[in-house]
Amino acid sequence: MAEQEGTDKPLLNEQPVAPSASQSVTSQDDAIVETAEEAVEPPEADINELCRDMFSKMALYLTGELTATSEDYKLLENMNKLTCLKYMEMKDIAGNISRNLKDLNKKYASLQPYLEQINQIEEQVASLENAAYKLDAYSKRLEAKFKKLEKR
């Protein structure tokens, strides 16, 4: 292939282009068209070397991809193990809460007769209080009658 080494002269495969009306004469030398050449195949030894190079690079690429995928799966496995441990801890906590709730329910059931007694006593106190108010009102009426009779 012909190379251009800083000269503005056309080489073997290059032909000058006619300038347009708007271009100056100095730009004519700058506008050079290069013609296409037929591609020549490299020698057989180069193709073999390029194939080896391509296969080694492809193997390196695939090894990297497989390593990355393997690392992703290892990370996922570790995350699953950690999640499993957390769920086991949560299961233990839920079991403890369930046992404590059953114990509280048993204690409440054992206290239920006492709570019923407290409710009965409260009702009796309310009725006694009501009776005391009635008795107070009655005693005030009696006192008023007595004072009325005493004044006569």
Side-chain angles (χ1 to χ4, degrees), residues 1 3-6 8 14 17 19-24 26-27 29-152:
M1 176 189 269
E3 291 184 1
Q4 192 174 12
E5 295 179 5
D8 290 334
E14 297 175 348
V17 175
S20 66
S22 64
Q23 291 179 333
S24 67
T26 57
S27 67
D29 292 335
D30 293 337
I32 298 174
V33 176
E34 193 173 310
T35 58
E37 292 183 3
E38 184 178 334
V40 178
E41 292 187 26
E44 193 69 27
D46 288 340
I47 289 177
N48 289 337
E49 185 62 34
L50 291 173
C51 286
R52 276 190 217 101
D53 186 44
M54 180 196 67
F55 282 122
S56 67
K57 287 180 180 177
M58 184 61 80
L60 183 64
Y61 169 75
L62 291 176
T63 302
E65 285 291 316
L66 291 174
T67 302
T69 303
S70 175
E71 292 298 321
D72 287 346
Y73 280 118
K74 286 178 185 176
L75 177 63
L76 187 60
E77 181 182 7
N78 289 338
M79 289 170 59
N80 283 340
K81 286 178 182 177
L82 184 62
T83 303
C84 183
L85 290 174
K86 290 292 182 183
Y87 278 120
M88 294 299 270
E89 288 176 11
M90 289 171 59
K91 176 187 167 196
D92 292 341
I93 291 170
N96 289 337
I97 290 172
S98 176
R99 277 192 300 279
N100 290 339
L101 185 61
K102 287 179 183 177
D103 290 344
L104 283 174
N105 284 335
K106 286 179 184 177
K107 289 177 183 178
Y108 180 78
S110 67
L111 290 176
Q112 190 62 37
Y114 299 113
L115 294 173
E116 288 175 6
Q117 286 178 356
I118 290 171
N119 288 338
Q120 289 174 354
I121 292 171
E122 186 179 356
E123 290 172 5
Q124 290 172 355
V125 166
S127 72
L128 278 175
E129 186 178 4
N130 192 16
Y133 284 132
K134 287 181 182 178
L135 186 60
D136 185 45
Y138 180 71
S139 67
K140 287 181 182 178
R141 284 195 316 255
L142 270 179
E143 183 181 0
K145 278 186 181 182
F146 180 72
K147 285 185 181 180
K148 188 178 180 184
L149 287 176
E150 208 176 59
K151 287 184 180 178
R152 279 190 194 174

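Start at 1 with the first residue, then count along the sequence.
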**Asked** Are any non-hydrogen side-chain atoms of Gln117 and Pro113 less than 4.5 angstrom apart?
**Response** no

**Item:** Carboxylate-amine/guanidinium proximity below 4.0 Å for Lys74 and Glu77
**Value:** no

**Message:** Rounded to the nearest 0.5 Å, what separates atom NZ in Lys140 from atom CG in Leu142?
**Reply:** 13.0 Å

**Item:** From CA spacing to verdict: side-chain contact (heavy atoms from CB on, under 4.5 Å), Thr63, Thr67
**Value:** CA-CA 6 Å; Thr63 302; Thr67 302; 4.1 Å; yes

**Asked** Atom CD1 in Ile121, atom CD in Glu123: separation rounded to 0.5 Å?
**Response** 10.5 Å

**Asked** Is the CD atom of Gln112 crowded by more than 12 outside heavy atoms at less than 6.0 Å?
**Response** yes

**Request:** Any chance you could measure Asn100, atom CG, to Leu104, atom CG, to the nearest 0.5 Å?
**Result:** 6.5 Å

**Message:** I'd like to know if the side chain of Thr83 reaches the main chain of Met79, judged simply by a donor and an acceptor atom lying under 3.5 Å from each other, with no hydrogens or angles considered.
**Reply:** yes

**Complete:** To the nearest 0.5 Å, atom OH of Tyr61 lies from atom CG of Leu66 at 10.0 Å

**Prompt:** When rounded to the nearest 0.5 angstrom, what distance separates CG in Asp136 from CD in Glu143?
**Reply:** 9.5 Å

**Item:** Cationic N near anionic O, under 4.0 Å, Asp53 to Lys57
**Value:** yes

**Request:** Apply salt bridge (charged side-chain N to carboxylate O under 4.0 Å, His left out) to the pair Glu49 and Arg52, showing each step before the final yes or no.
**Result:** CA-CA 5 Å; Glu49 185 62 34; Arg52 276 190 217 101; 3.4 Å; yes

**Asked** Can you tell me how far CG of Asn80 sits from CG of Leu75, rounded to the nearest 0.5 angstrom?
**Response** 9.5 Å

**Message:** Strictly distance-based, threshold 3.5 Å: is any side-chain N or O of Ser98 a donor or acceptor partner for the main-chain N or O of Gly95?
**Reply:** no

